[in-house]
Amino acid sequence: MNERHPTPKTTAIVETILVCTIYIAISNLAVAKDIFGASQWFPRFSDIESDVAGGFTTGAITQIILVIALIILPFFPDARKAISTLRLPAAKNGWRIAMIILLIEVIVLYLGWIKEFDKLFDASTFSISMSIVPSFDGITQEIIFRGYVILRLARSGVSRTWQIILSGIMFATIHIPYFSLADQDLITMFSGFLIPMAGTFGLGTAWAFAFQQSEYKLMPVVVSHILVIALVQPWLAYTYAIN
């Protein structure tokens with residue numbers, strides 16, 4: 001009897017989904033449990049601002065630890081390769097696409113999320129903290145969801161289209177806790193959950209495409225991601241806090 005063995009493509013897909021699922025689950029659990037007590041690190045903030053800042057801080061620290069663990073383990077050479085691309089020059093087309101993504105994302109979020117435009121000029125400690133602390137996610141998430149995922153899939157011959165789709169799905173999944181389904185009717189669920197999740201998936205796929213166009217070099221998407229967070233995160237955090 002001939003035994004069927006998983007194809008390299010199937011193995012790569014299963015591995016990346018499993019790794020990303022563990023990464024996402026641990027990150028979100030750490031935030032939910034406030035495992036570092038980070039909400040107490042901001043005594044000058046209001047209670048709600050401390051909770052929001054503590055959540056973003058816990059998430060950033062946890063994801064840094066998880067990336068370090070992944071590159072130390074000998075089983076994931078693509079994670080180490082992803083990091084090594086940060087010091088390599090990327091194709092100009094990749095930079096161009098990554099900057100266009102940045103511009104579109106900032107415009108869409110400013111127009112779609114910010115209800116009080118005076119907050120765009122808020123230089124409070126809370127706003128500055130929300131520009132700096134979550135910016136580390138722009139590094140760790142690109143290493144995982146673009147670098148590791150796409151390089152691992154590419155090495156096993158998975159098509160460029162599926163590299164983009166799987167990268168986008170994993171990136172969207174880690175953002176699910178941002179949007180609540182509790183006590184929502186169908187219309188509110190559509191506008192408050194499904195549309196933002198579709199947008200996050202679209203952003204992830206766009207960065208995946210930019211990564212490919214950068215000749216699989218991470219720096220353009222890392223810079224784009226960091227700038228999106230720095231420019232938009234304070235206002236998203238503020239909106240999240242008041243809601």
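When a residue number appears, it is its place in the shown sequence, counting from 1.
Applying the salt bridge (Lys or Arg N to Asp or Glu O under 4.0 Å) test to every pair with at least one member in residues 79-96, sequence neighbours left out, gives no pairs at all.
Using a 3.5 Å distance cut-off with no hydrogens or angles, the side chains of Trp207 and Ser224 do pair a donor with an acceptor. Counting only N and O atoms by type, the side chains of Ser167 and Arg146 include a donor and acceptor under 3.5 Å apart. Checked by atom type, the side-chain pair Tyr23/Gln141 shows no donor-acceptor distance below 3.5 Å. No hydrogens or angles considered: nothing links the side chains of Glu142 and Tyr148 as a donor-acceptor pair under 3.5 Å.
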Take Ile174 and Phe145, measure what side chain to side chain contact (heavy atoms under 4.5 Å, CB included) needs, and give me the verdict at the end. CA-CA 10 Å; Ile174 199 172; Phe145 299 123; 4.0 Å; yes

For the pair Ser214 and Trp95, evaluate side chain to side chain contact (heavy atoms under 4.5 Å, CB included) and give the outcome as yes or no after the intermediate values. CA-CA 7 Å; Ser214 302; Trp95 278 106; over 6 Å; no

Apply side chain to side chain contact (heavy atoms under 4.5 Å, CB included) to the pair Val149 and Cys20, showing each step before the final yes or no. CA-CA 8 Å; Val149 168; Cys20 287; 3.5 Å; yes

Residue pair Ile35, Thr62: steps toward the side chain to side chain contact (heavy atoms under 4.5 Å, CB included) verdict: CA-CA 9 Å; Ile35 62 171; Thr62 302; 4.3 Å; yes

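Inter-residue side-chain proximity for Phe76 and Thr16 is flagged as unmet; no heavy-atom pair is nearer than 4.5 Å. A heavy-atom distance below 4.5 Å is not found between the side chains of Ile17 and Ile169. No side-chain heavy atom of Thr11 sits less than 4.5 Å from a side-chain heavy atom of Ser156. Using a 4.5 Å cut-off on side-chain heavy atoms (C-beta onward), Tyr216 and Thr85 make no contact. In this structure, the side chains of Ile229 and His225 come closer than 4.5 Å at one or more pairs of heavy atoms. Considering only heavy atoms from C-beta on, Ile65 comes within 4.5 Å of Ile61 through its side chain. Using a 4.5 Å heavy-atom cutoff, the side chains of Met99 and Pro220 are not in contact. Annotation: side chain of Ile13 is in contact with side chain of Leu166 (closest heavy-atom distance under 4.5 Å).
Separating the OG1 atom in Thr173 from the CE atom in Met197 is a distance of 6.0 Å, to the nearest 0.5 Å. Considering OG1 of Thr57 and CZ of Phe36, their distance stands at 10.5 Å, rounded to 0.5 Å. A distance of 7.5 Å separates CG in Leu153 from CD1 in Ile150, rounded to the nearest 0.5 Å. Here the NE2 atom belonging to His175 is positioned 9.5 Å from the CG atom belonging to Asn28, to the nearest 0.5 angstrom. Atom OG1 of residue Thr140 and atom CD1 of residue Ile68 lie 10.0 Å apart, to the nearest 0.5 angstrom. The line from CD1 of Ile143 to CG of Leu66 is 12.0 Å long, rounded to the nearest 0.5 Å.
A single hydrophobic cluster is seen to contain both Leu102 and Leu218, as judged by linkage of ILVMFWY side chains at heavy-atom distances under 4.5 Å, directly or through other members. Under a hydrophobic-cluster definition in which Ile, Leu, Val, Met, Phe, Trp and Tyr are linked whenever side-chain heavy atoms come within less than 4.5 Å, directly or via other members, Phe45 and Val31 are assigned to different clusters. One hydrophobic cluster holds both Leu151 and Leu73 under the rule that ILVMFWY side chains link at heavy-atom gaps under 4.5 Å. No continuous path of hydrophobic side-chain contacts links Val14 to Phe75 [ILVMFWY only; heavy atoms under 4.5 Å]. Linking Ile, Leu, Val, Met, Phe, Trp and Tyr whenever their side-chain heavy atoms come within less than 4.5 Å leaves Leu227 and Val133 in two separate clusters.
For the pairing with Ile22, the side chain to side chain contact (heavy atoms under 4.5 Å, CB included) check across Ile26, Val19, Ile24 returns one residue only, Ile26.
Here the closest heavy-atom approach between residue Thr58 and residue Ala38 is recorded as OG1-CB, 3.4 Å. Considering every non-hydrogen atom in both Ile101 and Ala210, the closest pair reads CD1-CB, 4.0 Å. Summarising the geometry of Val158 relative to Gln163, their closest heavy-atom pair is O-NE2, 2.9 Å, with the distance given to 0.1 Å. Closest of all the heavy-atom pairs between Ala172 and Thr200 is CA-CG2, 3.8 Å. Lys9 and Gly157 make their closest contact through CE-O, 3.0 Å (heavy atoms, listed as atom of the first residue, atom of the second, distance). Minimum interatomic distance between Ala208 and Ile164 (heavy atoms only, all atoms of both residues): CB-CA, 3.9 Å.
Taking a 6.0 Å sphere around CZ of Phe136, one finds it holds 12 or fewer heavy atoms contributed by other residues, nucleotides or ligands. Within 6.0 Å of the CH2 atom in Trp162, the count of heavy atoms belonging to other residues, nucleotides or ligands does not exceed 12.
When atom types are taken as modelled, the side chain of Asp51 and the backbone of Gly55 share no donor-acceptor pair closer than 3.5 angstrom. Between the side chain of Gln63 and the backbone N or O of Ser27 there is no donor-acceptor pair closer than 3.5 Å.
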